[in-house]
Amino acid sequence: MPELPEVEEVRRTLIPVLVGARIMDIKILRPDYIRSGLDALPRLCGHKVVAIDRHGKWLFCRLDHDQTLVLHLGMSGRISAAPVAGGVEKHTHLVFTLDSQRQVRVCDPRRFGGVWLHETMEQARAAHIHKGVGVDALLLEFADLQHWRRAGGRLKTTLLSQRDVAGLGNIYIDEALWLARLHPQQILNRLSDRQIQTLVECIGAVLAQSLRLGGTTLRDYRNVALQEGRFAKKLQVYGRGGLPCKRCGAGLKAIAISGRTTVFCPACQKRITVADGRDKDAAANPRRTGKRARNANSG
DNA sequence: TTAGGCCTGCAC
DNA sequence: GTGCAGGCCTAA
């Protein structure tokens, strides 16, 4: 399932194939996979792609006349480059033939992804990013999450929503929360500055390591050259429900949050009910937060 | 805020 | 045959 590292790896491997190339032909094998701009799509012929950007899990291919093709890989999307002569694999919905005599093919068996064509880059960003998609997770800083304590939400649900941080999905959220020793159902307004800073650092560390290894291939994911990612063997919690925690040996627990399987260590990812910066106050005034303070100290 | 829908392949 | 995998959108 492509999350930020996989989409970024696709971007990096797509650039040498697509940027600077002229589109000579477009074959639309599945029109309903083109979510907007279907009628305008043939007009891309003769134009060149000048840049490929990414925000979260969204890819933006800008052309020389500013029309912008937006791609989302959903759960099973794949973009591949191949010689014109080769056969097209099943579930291929869109094929660009380039002046380099190569093709860029968009394939997505489950069709949770899609392709959108916008008249300008600005319109593309307005449609997919400006409303409701937060800062790209690779650029995440402490300040981006400072307002969290005023929110009542829970960690995993909030991170999945893309609203504050864009690009994380089920795999990397579970990995980052384990690394940060934070409970997936942690209520945000109980986090201390230090815990938020730790979370920001752990998200960055997990993403950086996965990027170095070309992302995670569980089954389907491939980059544009059809190479697998090698981060799967580094996974600490994802897919390991019931197995021992690699840090403390306790049994990892699998629960459903927002309809997604969530794996965490109940021993080293305790829920915090009093922010650690306020523990002293809680101890000094047990009547106010007594029970919560004891829970916090036990974790 | 949560549940359902979209969709196919695969494990059982 | 059934259930599960889940990113994102929409509706209740």
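Every chain is numbered from 1 and lettered A, B, ... according to where its sequence line falls, protein lines coming before strand lines.
- Residue Arg111(A) is classed as a sugar-phosphate contact, given heavy-atom separations below 4.0 Å to backbone atoms only.
- In this structure, Asp220(A) places its CG atom 11 Å from P of dA11(B), rounding to the nearest Å.
- A salt bridge links Glu8(A) with Arg11(A): the distance from a Lys NZ or Arg NE/NH1/NH2 to an Asp or Glu carboxylate oxygen falls below 4.0 Å.
- In terms of position on DNA chain B, the residue among Arg260(A) and Pro109(A) whose nearest nucleotide sits closer to the 5' end is Arg260(A).
- Put simply, CE on Met75(A) is 10 Å from C1' on dC7(B), counting in whole angstrom units.
- Within the nucleic acid shown, Thr261(A) comes within 4.0 Å of sugar-phosphate atoms alone, with no base atom in reach, counting heavy atoms only.
- Using a 4.0 Å heavy-atom criterion, one finds that Leu160(A) contacts the sugar-phosphate atoms exclusively.
- Between His128(A) atom NE2 and dG7(C) atom P the separation is 19 Å, expressed in whole Å.
- If Gly259(A) and Asp32(A) are placed on DNA chain B by their nearest nucleotide, the residue sitting closer to the 5' end is Gly259(A).
- Residues His128(A) and His118(A) bring their aromatic ring centres within 6.0 Å.
- To the nearest angstrom, C1' of dG9(B) lies 12 Å from CZ of Phe112(A).
- Between Lys90(A) and dT8(B) there is no side-chain N or O to OP1 or OP2 distance below 4.0 Å.
- For His91(A) and dC7(B), the shortest distance from a side-chain N or O to OP1 or OP2 is not below 4.0 Å.
- For Tyr238(A), the listed nucleotide lying nearest its side chain is dG6(C); candidates were dG7(C), dG6(C), dT8(B).
- A tilted orientation is assigned to the rings of Tyr33(A) and His93(A), their planes being inclined by 30° to 60°.
- The separation between Gln162(A) atom CD and dC9(C) atom C1' is 13 Å, rounded to whole Å.
- When the P atom of dC10(B) is taken as reference, atom CG of Leu218(A) falls 14 Å away, rounded to whole Å.
- The CZ atom of Arg105(A) lies 10.0 Å from the CG atom of Leu29(A); values are rounded to the nearest 0.5 Å.
- The side chain of Arg110(A) lies closest to dA5(C) when the candidates are dA5(C), dG9(B), dC8(C).
- Between Glu89(A) atom CD and dG9(B) atom P there is a gap of 11 Å when expressed in whole angstrom units.
- Between Leu71(A) atom CG and dG7(C) atom C1' the separation is 15 Å, expressed in whole Å.
- A salt bridge is defined here as a Lys NZ or Arg NE, NH1 or NH2 lying under 4.0 Å from an Asp or Glu carboxylate O, and Lys48(A) with Asp99(A) fails to meet this definition.
- Side-chain atoms of Arg219(A) stay outside donor-acceptor range of the base of dA5(C), with no qualifying N/O pair under 3.5 Å.
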